[in-house]
Q: 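Sharing a structure, written as structure tokens. Questions coming.
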Amino acid sequence: MYRTHNCNQLRKTDIGYEVKLSGWVAVRRDHGGVIFIDLRDREGLTQVVFRPEENAEVAKQSHSLRPEDVIQVTGKVAPRLPGTENPKLATGEIEVIPNSLTILNRAENLPFQLDTELSNEDLELTYRYYDLRRPRLSRNLQIRHRVTQATREYLDSQGFLEIETPILSKSTPEGARDFLVPSRLIPGKFYALPQAPQQYKQLLMVAGMEKYFQIAKAFRDEDLRADRQPEFTQIDIEASFVTADDIYTLTEGMLAAIFKAARGVEIPKPFPRLTYREAVSTFGSDKPDRRFGMQLVDLGDVFAASEFKVFRGALDSGGVVKAINAKNFAEITIGQADELTAIAKTFGAKGLAFIKIEDGEWKSPIVKFFSETEKEALRSKLQIEQGDLVLFAADKWEIACEVLGRIRLRIAEIQKLTAGSERLDFLWVTDFPLMQWSAEENKWNAVHHPFTRPKMEDLPLLDEKKFSEMRADAYDVVLNGVEIGGGSIRIHEPELQAKMFDALGISAEEQQTKFGHLLRAFRLGAPPHGGIALGLDRLVMLICGEQSIRDVMAFPKNNRGQELMTQSPAPVDPKQLRELGIKLGSDNS
RNA sequence: GGAGCCUUAGCUCAAUUGGUUAGAGCGCCGCCCUGUCACGGCGGAGGUUGCGGGUUCGAGCCCCGUAGGCUCCGCCA
């Protein structure tokens, strides 16, 4: 037996007992005579004290210990000397006085120290098995387990079945770039790794499973971000005979169970709802962060007859004039103003107008174009006060909203408006547009995916080909400005699905080769159904208070999709390629 | 594909306007130290300043190129 207790277990009530502990040497404090070791395991730290007068042989042996050596000690639990208790440690009232020490394994010189943060993430990822010993990362993985465990328990309690779907799957024309896997048995053909179990879970509804879930791996071969990895995990859910409201209730209950289990907090239910239109109009984002104000204010009525041509021109051509009031930001630096202007231009604005309210004056090159009436209307609509900074966007609705939305977030970041906030702001964003025109591809694309059901009242618009006006029966769940999940009620009628494919420019032939199975399935009695998928990595990231999903994954990949510890992706033996009938181009050998 | 920032000792960072032999803390090695908890003290080893080129009497610092990393845009139904 290696141990009787873990390193976060012993308390005053254990004093006098003989115990065995195993773990890693976290810190060594060698006083020449007495030696202190902080012994670490997954659960915590326990101080071990070697004293020459207690056991000269063991104390002598302890001098050779180095950080990260793996040891086992057997000894008596003793109270710490009065005045030397450590309130920062759960085990700080006691220490262990060993009568034997076994060195289970030595650690060589370490590539970096665990007690300081690194800036070189490559090094951490290369030695990931070592880096994960950091209490913070270890805790993150433990929280992740709590989250998946709570998810399973909750969904099981609601009658959902966990069903696995294939990883070796089929490439689909819509959506992200697929990861491909060549088939050896059928040369020249390829599997694709699933971007989501979307079609399989719908087919499970046709199969009559009624309530399905899966902690599912998904794969997308796109460029990476702090919150995006090529392989990631979804809490994937689908149910038959449900409306959007049923999915909301289920998801709210599940998130409540998760936050109760992982953070010990109650979250208020039901979550507020905003339509896509409201969210974008008010916050400039379809995943609004409502933990601070600075809302977008529409100024169309104020400037309808304005002499300021930039604003009038935008309105006359069917656009909007909107503004946000950044409270107490009049002392914006030139560098910050340049940065905000650059953001505005990145997202399509021609420029960024702003007014500083300083020394009782409105300072801006554009103020001279405003009438007194317009100024008074601005003052009351935006509640302008001394020290404020008002920023304007005059453009098409989409651009004006997005520009101000992005600037709003950046200013909140500069002003640290959410720093240290414990608030959990959940909401539903509903009524997304069904399709979006892609100028690049010269076709309509599905905003969510091609299986999403149009809102019942918008169905006639499909035949009228008024695609831009159609709303989807789709919804996102948002937490603190991060989209943590999304879903929809699906199409279950073969005719409607075929019409939808037509609208998306998928030819009749392609519908048969790529989606024939789905259309056939819908003809054999498909129940109405819908579901949702939550990004587990992002959710755990938020629960852990981390900035990157890499910090809540055991073995993440870097920005280029490399896993530095095992050095994947890697070349393969030519024999393997021959078996697959694959020849590399001359520039990739 | 594009933009920004970054790259100096094993790690985290510094190095004034371009100026002597590139420094500090931690880690490592040696010695000392019996109540610490980021223990402490003394000594030591450790550097192609990512790489290549240029400007200059002189480059870690300026210029050009290149590689790599991170963040963002595009992309991600």
Side-chain angles (χ1 to χ4, degrees), chain A residues 26-39 45-54 59 63 66-68 78 80-89 91-92 95 97 108-127 131 172-178 195-196 198-199 218-230 232 338-339 342-343 345-348 402 406 409-410 413 432-436 438 440-441 443-452 472 474 483 486-488 500 504 506 533 535 547-548 550 558-560 562 564:
Chain A
V27 186
R28 170 189 53 133
R29 293 179 292 275
D30 186 341
H31 289 239
V34 67
I35 297 167
F36 300 94
I37 297 290
D38 285 346
L39 189 65
L45 294 176
T46 299
Q47 175 164 280
V48 179
V49 187
F50 297 92
R51 284 195 292 231
E53 65 271 23
E54 300 269 347
H63 281 285
R66 293 291 176 273
E68 301 306 317
R80 292 202 179 183
L81 299 184
T84 69
E85 301 88 352
N86 186 347
K88 286 187 267 180
L89 282 184
T91 59
E95 57 199 13
I97 317 290
E108 294 180 6
N109 275 353
L110 302 162
F112 50 88
Q113 291 156 257
L114 296 181
D115 58 3
T116 47
E117 289 291 320
L118 286 194
S119 64
N120 184 348
E121 204 177 11
D122 267 11
L123 195 68
E124 296 186 89
L125 292 176
T126 305
Y127 294 95
D131 200 37
T172 52
E174 296 279 314
R177 192 178 294 113
D178 288 313
Q195 297 174 27
Q198 182 60 37
Q199 295 185 53
F219 307 85
R220 293 175 190 177
D221 189 6
E222 297 291 349
D223 288 1
L224 276 52
R225 289 283 191 283
D227 61 354
R228 247 161 49 191
Q229 285 270 306
F232 59 100
D338 287 347
E339 189 198 343
I343 292 173
K345 286 182 174 163
T346 301
F347 292 97
E402 170 149 43
R406 296 279 180 165
L409 288 177
R410 180 62 190 135
E413 199 180 351
F432 278 84
L434 184 68
M435 289 180 258
Q436 191 174 29
S438 164
E440 202 174 292
E441 298 167 90
K443 69 188 268 295
W444 289 95
N445 283 332
V447 167
H448 185 48
H449 57 52
F451 318 112
T452 303
E483 179 201 328
S488 61
M500 190 65 204
L504 295 169
I506 301 171
Q547 299 295 313
S548 167
R550 290 192 283 263
N558 74 2
N559 244 7
R560 289 211 294 168
Q562 297 167 310
L564 296 170

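Convention: sequence-line order gives letters A, B, ...; per-chain numbering from 1. Because the structure is a prediction, the values reported are computed rather than measured.
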Q: Once side chain to side chain contact (heavy atoms under 4.5 Å, CB included) is applied, do any residues pair with A:Lys443, and if so which ones, sequence neighbours excluded?
A: A:Glu174, A:Glu441, A:Asn445

Q: According to ring-ring contact (aromatic ring centres under 6.0 Å, His included), who are the partners of A:Phe432, at least two apart in sequence or on a separate chain?
A: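 Per chain and number, A:Phe432 pairs via ring-ring contact (aromatic ring centres under 6.0 Å, His included) with A:Tyr276.
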
Q: For A:Glu483, give me all partners under salt bridge (charged side-chain N to carboxylate O under 4.0 Å, His left out), at least two apart in sequence or on another chain.
A: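 Once residues adjacent in sequence are excluded, A:Glu483 has no partner under the salt bridge (charged side-chain N to carboxylate O under 4.0 Å, His left out) criterion.
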
Q: Name all residues meeting the salt bridge (charged side-chain N to carboxylate O under 4.0 Å, His left out) criterion together with A:Glu339; count only those two or more places apart in sequence or in a different chain, and write none if there are none.
A: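 With sequence neighbours excluded, A:Glu339 shows a salt bridge (charged side-chain N to carboxylate O under 4.0 Å, His left out) to A:Arg410, given in chain and number order.
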
Q: Sequence neighbours excluded, which residues qualify as side chain to side chain contact (heavy atoms under 4.5 Å, CB included) partners of A:Glu222?
A: A:Ala176, A:Arg177

Q: Excluding sequence neighbours, so at least two apart, what forms side chain to side chain contact (heavy atoms under 4.5 Å, CB included) with A:Glu85?
A: A:Arg80

Q: Could you go over nucleotides 48-50 of chain B and give all protein N or O partners under 3.5 Å, atom names and distances?
A:
none

Q: For every nucleotide of nucleotides 36-46 of chain B, 5' to 3': is a protein heavy atom under 4.0 Å from its base (B), only from its sugar-phosphate (S), or from neither (-)?
A: BBSB-------

Q: With sequence neighbours excluded, what pairs up with A:Phe36 under the ring-ring contact (aromatic ring centres under 6.0 Å, His included) test?
A: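 Once residues adjacent in sequence are excluded, the partners of A:Phe36 under the ring-ring contact (aromatic ring centres under 6.0 Å, His included) criterion are A:His31.
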
Q: I'd like a table of atom pairs between the protein and nucleotides 5-9 of chain B - only N or O on both sides, under 3.5 Å - with the distance next to each one.
A:
none

Q: For A:Thr126, which residues count as a side chain to side chain contact (heavy atoms under 4.5 Å, CB included) partner, sequence neighbours excluded?
A: A:Leu564

Q: Using the test ring-ring contact (aromatic ring centres under 6.0 Å, His included), find all partners of A:Phe112 that sit at least two apart in sequence or belong to another chain.
A: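 Once residues adjacent in sequence are excluded, the partners of A:Phe112 under the ring-ring contact (aromatic ring centres under 6.0 Å, His included) criterion are A:Tyr130.
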
